[in-house]
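These notes are about the structure you will find just below.
Heavy-atom basis, side chains included; hydrogens, waters and symmetry copies ignored. From a predicted model like this one, the values you see are computed outputs, not experimental measurements.
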Amino acid sequence: YQDDICKAIDIIVSGEIMIKNMDAFGNVLTIRTFFKEDILGANLIFSKNNKYPMIAIAASACCVIKIDKDIVFNLCRMDEYFMKKFMELL
């Protein structure tokens, strides 16, 4: 939900997720659509401002893998390749 704190990254295994923004007047704008193998939350998970600025809505039936912040941190610490690939997302 909008303004929730990002505590994990989400990897889309199947389906589509749309990112939408709602303004003060209730108008909704689709910002972006994510597809299979896209990752959500990588830009927020270690940020000081780690709240989701918009709403994520499933555009179709989805399967998502959620990886907790602590696990992402440990993977970055223990595996240089993982850390390099993760940093490329940012």
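- Contact check on Lys66 versus Asp10 returns a salt bridge, with a Lys/Arg side-chain nitrogen under 4.0 Å from an Asp/Glu carboxylate oxygen.
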Report task. Start with the C-alpha gap between Ile17 and Leu40, add the side-chain angles, then the distance that decides, and say whether side chain to side chain contact (heavy atoms under 4.5 Å, CB included) holds. Result -> CA-CA 9 Å; Ile17 295 178; Leu40 287 79; 4.1 Å; yes
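- Remark: Asp70 CG to Arg77 CZ distance equals 10.5 Å, nearest 0.5 Å.
- Here the closest heavy-atom approach between residue Ala8 and residue Tyr52 is recorded as O-OH, 3.8 Å.
- Residues Asp68 and Lys7 share a closest heavy-atom pair of OD1-O, 3.6 Å.
- Phe35 CZ: more than 12 foreign heavy atoms inside a 6.0 Å radius.
- Contact detail for Gly15 and Ser60: the closest heavy-atom pair is CA-OG, 3.4 Å.
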Query raised in the report: Yes or no on side-chain hydrogen bond (donor to acceptor under 3.5 Å, both in side chains) for Lys36 and Ser14, after CA distance, side-chain angles and deciding distance?
Result: CA-CA 5 Å; Lys36 180 180 177 180; Ser14 64; over 6 Å; no
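- Atom OG1 of Thr30 is separated from atom NZ of Lys20 by 3.0 Å, given to the nearest 0.5 angstrom.
- Using a 4.5 Å cut-off between side-chain heavy atoms of Ile, Leu, Val, Met, Phe, Trp and Tyr, with links allowed through other members, Leu75 and Ile65 fall into the same hydrophobic cluster.
- Under a 3.5 Å cut-off, the side chain of Ser47 and the backbone N or O of Asn49 do form a donor-acceptor pair.
- Put simply, the side chain of Asn27 does not reach to within 4.5 Å of the side chain of Leu29, judged on heavy atoms.
- Criterion: ILVMFWY side-chain heavy atoms under 4.5 Å apart, direct or through other members. Under it, Ile19 and Val13 are not part of a common hydrophobic cluster.
- Taking hydrophobic clusters as Ile, Leu, Val, Met, Phe, Trp and Tyr residues chained together by side-chain heavy-atom distances below 4.5 Å, Ile9 shares a cluster with Leu89.
- For Cys62 against Glu16, the heavy-atom pair with the smallest separation is SG-O, 3.2 Å.
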Requested in this report: Show your reasoning for whether side chain to side chain contact (heavy atoms under 4.5 Å, CB included) applies to Met54 and Ile31.
Outcome: CA-CA 9 Å; Met54 297 173 212; Ile31 304 298; 3.4 Å; yes
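- Under the 4.5 Å side-chain heavy-atom criterion for grouping Ile, Leu, Val, Met, Phe, Trp and Tyr, Ile11 is connected to Ile45 within one hydrophobic cluster.
- Within 6.0 Å of atom CD in Glu88, more than 12 heavy atoms from other residues, nucleotides or ligands are found, so the atom counts as buried in its surroundings.
- The two residues Ile71 and Ile67 come nearest to each other via the heavy atoms CG2-CG2, 3.7 Å.
- Looking at every heavy atom in both residues, Val72 comes nearest to Phe82 through O-CE2, 3.9 Å.
- For the atom pair SG of Cys76 and CE of Met87, the computed distance is 5.5 Å after rounding to the nearest 0.5 Å.
- Here Glu80 does not pair with Lys84 in a salt bridge; the nearest charged N to carboxylate O distance is not below 4.0 Å.
- Counting heavy atoms from C-beta on, the side chains of Phe86 and Phe46 come closer than 4.5 Å.
- With values rounded to the nearest 0.5 angstrom, Ile55 atom CD1 is found 5.0 Å from Gln2 atom CD.
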